[in-house]
6 protein chains.
Amino acid sequence: MKTIHLITPVTTRGLRNLDEIAHLASPVLSFTHSILDRGPPSIECEYDEALAVPDTIVRAIEAERDGADAIIIDCMGDPGLKPAREVVRIPVLGPGETSMHLAAMLGQKFSIVTVLNSVRPMLVNAAKVYGVYEKLASVLVVDIPVLELEHRLGEVQQALAAKALDAVERDGADVIVLGCTGFLGCAAAIEKHLLAAGHDVPVIDPIPATVCVAEAIVKSGLRHSKRTYSVPRSKTIIGFDIPDFK
Amino acid sequence: MKTIHLITPVTTRGLRNLDEIAHLASPVLSFTHSILDRGPPSIECEYDEALAVPDTIVRAIEAERDGADAIIIDCMGDPGLKPAREVVRIPVLGPGETSMHLAAMLGQKFSIVTVLNSVRPMLVNAAKVYGVYEKLASVLVVDIPVLELEHRLGEVQQALAAKALDAVERDGADVIVLGCTGFLGCAAAIEKHLLAAGHDVPVIDPIPATVCVAEAIVKSGLRHSKRTYSVPRSKTIIGFDIPDFK
Amino acid sequence: MKTIHLITPVTTRGLRNLDEIAHLASPVLSFTHSILDRGPPSIECEYDEALAVPDTIVRAIEAERDGADAIIIDCMGDPGLKPAREVVRIPVLGPGETSMHLAAMLGQKFSIVTVLNSVRPMLVNAAKVYGVYEKLASVLVVDIPVLELEHRLGEVQQALAAKALDAVERDGADVIVLGCTGFLGCAAAIEKHLLAAGHDVPVIDPIPATVCVAEAIVKSGLRHSKRTYSVPRSKTIIGFDIPDFK
Amino acid sequence: MKTIHLITPVTTRGLRNLDEIAHLASPVLSFTHSILDRGPPSIECEYDEALAVPDTIVRAIEAERDGADAIIIDCMGDPGLKPAREVVRIPVLGPGETSMHLAAMLGQKFSIVTVLNSVRPMLVNAAKVYGVYEKLASVLVVDIPVLELEHRLGEVQQALAAKALDAVERDGADVIVLGCTGFLGCAAAIEKHLLAAGHDVPVIDPIPATVCVAEAIVKSGLRHSKRTYSVPRSKTIIGFDIPDFK
Amino acid sequence: MKTIHLITPVTTRGLRNLDEIAHLASPVLSFTHSILDRGPPSIECEYDEALAVPDTIVRAIEAERDGADAIIIDCMGDPGLKPAREVVRIPVLGPGETSMHLAAMLGQKFSIVTVLNSVRPMLVNAAKVYGVYEKLASVLVVDIPVLELEHRLGEVQQALAAKALDAVERDGADVIVLGCTGFLGCAAAIEKHLLAAGHDVPVIDPIPATVCVAEAIVKSGLRHSKRTYSVPRSKTIIGFDIPDFK
Amino acid sequence: MKTIHLITPVTTRGLRNLDEIAHLASPVLSFTHSILDRGPPSIECEYDEALAVPDTIVRAIEAERDGADAIIIDCMGDPGLKPAREVVRIPVLGPGETSMHLAAMLGQKFSIVTVLNSVRPMLVNAAKVYGVYEKLASVLVVDIPVLELEHRLGEVQQALAAKALDAVERDGADVIVLGCTGFLGCAAAIEKHLLAAGHDVPVIDPIPATVCVAEAIVKSGLRHSKRTYSVPRSKTIIGFDIPDFK
């Protein structure tokens, strides 16, 4: 039995429900989940992300200590991805990085459709660091804040479908990546919309896709390179209660 | 139950044995296998690859017709990857593309250690097309032909370990990719060798890793973009007995 | 007297007529020509290209054996370019590679106008491998299949002119490359059309241009690097009747 | 009178002394300084950096409120640079970004000599995001932790000089960037060492250089783009006492 | 007291008036100025630039001999920047290079709005050589020749504002660079225009910005690398009266 | 009969002798030649190049007026290439640009072996502007000034061979480009030296190769794009006696 731990790196209870990925569980795979004690209620810019990272690191250390086999950080900005990889030895995946590499494998160019303009530079910079920038056609936005997604679901789906179509027809995207993990569950409807317009194009729903890739990495026995993600030297941190990680 | 079909794109019987990946099978995953009726005995240059592609396409069409859920082409040159994606609708994966994207996710830079110098331009060009060239530190060779790997296993392992160490210490690699699917099973020994030299660096064994990613893609319900890989227009092909694929 | 051998890598008789390039012959330059015994009737996707390669290799070996001084593969996808370079010592040129490098020398950015959408990823990937991707403004299509070009010539010319104008005015192209060798002879009309719209822009007709560059390479005594294109190791190929090439 | 506020983003008192930059003050330029209440004692990896960011953001907001005209974050990793730019309207500069752009202007290629291997991926990724990666020749390390720099000064200087020489002679660097703000004051000795070896190469001392560029930006009336660094939406942050910034 | 010498690399008297930058002078900074004896009246293409360079080199040598601390070449094409750096030891700055690096530091992507289409390839090539091409969103033109700018000021300002808005809204620019030093003084109006349209975007006025950066470089004690810009070997130049520079 | 005009852009008589390319002439191709009245005796840095350009432009205008069909600028730095293209309508080729594109077509990576370190940044920047930088393995130097090449021929040949071998074995070059047109005639000996060391690698002698490509471009009826190289606007140039070119 392998366990994947999902950290939803915000303080808002109920944003993520494990039921949404329950169909991916199996006799050999289970999920655990945590959110943050301190941090922002949602992540929509560099500032939000910065405040989400310290507690994300804590959750990662706890998850490894509690026996998780892999960790997924449940936000397309992949907050804390790199420091978390430094403090644990189990694989840590971000849906941003994972979806972009999957998209690169499924077609020639991909576009990301996300929530707000303030997220665009973050995703573009991430694509540069992850090494897939050349395959990024565009980043488009539906202009709806994260915490309103749930209550404006119809509007969200329509906007996503419209922007995905723009991405394909105007920007030349061959694959669509949903650019916020809050869009979970919307992929099929967008695929259908694109198909009706004549475009047989896959739409990547980041969390389910990342769960499956995390399982693949665990099953292959792979892990992150400690040459890239060295264990931090011991030092006295003030004001953060970080559990031991050595 | 999902089935992954492995095409070993050469005419040499016995090069690939499903026992080598049997530990990846499960109650929900089985494997089938085929080799080529016509083509080269091994793939070590563009010429070999070119002659492997027509029958690889045939095997891909047959595999989809026979119910496979995904196809893996068992060679780091990914021969026939793109045309096979055009003629089937199930995911087709190449260990070259898959390993390079995994490597890009596991560390800052990766190196590939392969068989012969004649393979180097092929892998470098592949990295450019796949979009991960910027993360490729180097391609090194052990200078042993594919069909001699089995009989010179000790020598192969030593050479792989030595070249992997060069890749890390001289070229700055953080992750090693075994550059020939004939190296299956050698990863653990190389990891140990690198660790003994002070480098905690993952070594990707392409076939097991690609099997796990293929399973992940099937489980996520993803597939290749038909906008990149359009179904070929019907036309009369002379001299090749290609099964119907529409 | 030097001889350039043109391989039209399809099985359709009459698509290429040496008369079309007769004006480039001279007392010191003659042409020979061959088509394929097996392969596709035209090349419009990766699948077609894959099936054209084996016999293209055969034709290349025969051409060298028969005394050719250089070989041109008569298709913008450059099918078999790399394996053919491995099996012969005379220069082998593809109109795709040659036209793109010429275009890069004649202006700041170039666009390619080709037949069908299914060809676009092939040309974009080729530009990446050839090293000129940064100078590629766009790839546009007239949406007419290769085998209909001849019968819809007026329509083809109009569509080419319109798309070339789009490439210049919208995508910023400074040079146009005709993206199918079946467009032979259309360049002058398009140049005129662009000039009438105020754009003094060269249009590259790939086959004549490649013939002239091939002659230049022969005259300079240059050839392809055997460090990139090594002679394949001897091995028993099954199902293809490849002539000896060592 | 303009004021530049320097945030040394660690909790260690006394690491930075304004005397070190006093010669850059003038009747029209003064400096103020702060360190962190909570965070790491020094920054040597992603983990350290992550924990330095929240309080760096607080310091930035306070500095703007207290009338600073520009802010410099005193660490080559530029921790908190992007979120700080979101929460204030005055220019915020990082010595990492500033030094790399200056280096790009002073010569063809530059190398960075920094403290530890764990910092290398951070600086390389920064170069990609800042857009100057193509001009980066190499990142070398002296392998001495930040908090030991002061006590091992002779050793530090020797190691810096030796690595700078390697960067020039082996990696082709034309400009050297000191890769830790703790190296302040070492540039002149290294320049002399390089000159003695025949290399007339500038060595950038990041903090003085960034102070001068910050003054230049203030004097020009420039500021960061709010299209890249949008003001964060109001939301309830838990566990961090962030001052109002609207 | 430091002195910055401005070379306006044209023969037209009165194009540049030091009053325009007088507000940047101070008790510790003064300006001197020169124009060319021979060369073009304005610079709008490679040909103009080529003829401006010899006398620009002469002016640079004279300026250093006369005690200048830094030199600025007053044209966005940076004519003579590289040769001038070879013949003097004081810093030589071009507003093209300087503005592009500043723009890269102030936002994610920048656009340049310049005079004529003939200048576009020059600026794009410059961005490639300077290493900031990836951050360049677009180059737009107002289609007004340099020598008419003064007399058509209203029209110029309107066109600049309109093109800057296009750059932001259509091309995704986060920062605007005025692409001709003849636009000096227009930045504030364009910023206001963009703000009225909802875009809080900095507009870089190249000459004031470059003056401030030159002062910063002088103050930091930095200079150009003699490993990139070697002193030319002594040789007999015919037809140009170049002052001694060794 | 077509005529190619060679401009040797220096004032030194006798450096170039048309006999060296006489074997490339034919009943349909003849050569004419000019040198400069004013400029440097040889070109070894940006300063030399800058002073060579004005008279190179004059020679280009004269050559077109005198009926030349194409112009070659006889220096690897391609001085005046771009302005000359603006003032004439016949093709103007530089051996730097032409050799780099040919090299890119003949193998995976190429290296340039040139005279002096001061030339290296110029060639690297040229590769960036020409769009072939990704295929450039390295630039090496023999450290012998241009005007001594003739008198130290044995030494030159040995140094070229040694550096070419370094380029292949250490830097991974598959093709060698001679990086100074003063090396004319040395290619065959270097190829032999490399072959003796086991490397079957082409060595490009820039002037003969560029002559042949120029002939190819003339024969194809191609020319440079006037969208990239616009005709300069009429204006009064002071101090240069430029012939009319409209």
With rounding to the nearest 0.5 Å, note down the distance linking CG in B:Leu106 to OH in A:Tyr229. 8.5 Å

So does B:Glu20 have more than 12 non-hydrogen atoms from other groups sitting under 6.0 Å from CD? yes

Looking at B:Met100, B:Glu97, B:Glu215, which has the largest count of heavy-atom pairs under 4.5 Å with chain A? B:Glu97

Please classify the contact between A:Ile217 and chain B as side chain, backbone, both or neither, with a heavy-atom cut-off of under 4.5 Å. side chain

Part of A:Val129 within contact of chain B (heavy atom distance under 4.5 Å): backbone

Honestly, the part of B:Val203 sitting under 4.5 Å from a heavy atom of chain A is backbone

Please output the side-chain donor-acceptor pairs of residues 22-29 of chain B that fall under 3.5 Å, not counting sequence neighbours, one pair per line with the distance.
unit_1  : atom_1 : unit_2  : atom_2 : d
B:Ser26 : OG     : B:Val28 : N      : 3.1
B:Ser26 : OG     : B:Leu29 : N      : 3.2

Side chain, backbone, both or neither: which part of B:Thr98 has a heavy atom under 4.5 Å from chain A? both

At a heavy-atom separation under 4.5 Å, does B:Ala214 approach chain A through its side chain, its backbone, both, or neither? neither

Contact leader toward chain A among B:Ala103, B:Gly131, B:Gly221, where contacts are heavy-atom pairs under 4.5 Å: B:Gly131

Closest heavy-atom pair and its distance - B:Cys212, A:Ala216: O-CB, 3.2 Å

What pair of heavy atoms forms the shortest contact from A:Glu134 to B:Lys128, and how long is it? OE2-O, 4.2 Å

Quick check: closest heavy atoms across B:Pro208 and A:Ser220, and the distance to 0.1 Å? O-OG, 4.4 Å

Select all residues of residues 186-199 of chain A having any heavy atom within less than 4.5 Å of some heavy atom of chain B, and report them by number, or 'none'. A:Glu191, A:His199

More than 12 heavy atoms of other residues, nucleotides or ligands under 6.0 Å from NZ of B:Lys226: yes or no? yes

For the candidates A:Lys109, A:Lys219, A:Arg223, which exhibits the highest count of non-hydrogen atom pairs separated by less than 4.5 Å from chain B? A:Arg223

So which part of B:Lys135 gets closer than 4.5 Å to some heavy atom of chain A, the side chain, the backbone, both or neither? side chain

Output the distance between atom CG (B:Leu222) and atom OG (A:Ser99), rounded to the nearest 0.5 Å. 9.0 Å

For residues 158-175 of chain A, which residue pairs pass the salt bridge (Lys or Arg N to Asp or Glu O under 4.0 Å) check, not counting sequence neighbours? A:Asp174-B:Arg227

Do the side chain of A:His224 and the main chain of B:Pro202 share a donor and acceptor less than 3.5 angstrom apart? no

Any residue of residues 80-96 of chain A which, by heavy atoms, sits under 4.5 Å from chain B: A:Arg85, A:Arg89, A:Leu93

Please name the pair of heavy atoms, one in A:Thr228 and one in B:Gln108, separated by the smallest distance, quoted to 0.1 Å. OG1-N, 2.9 Å

A:Val218, part contacting chain B, at a heavy-atom distance under 4.5 Å: neither

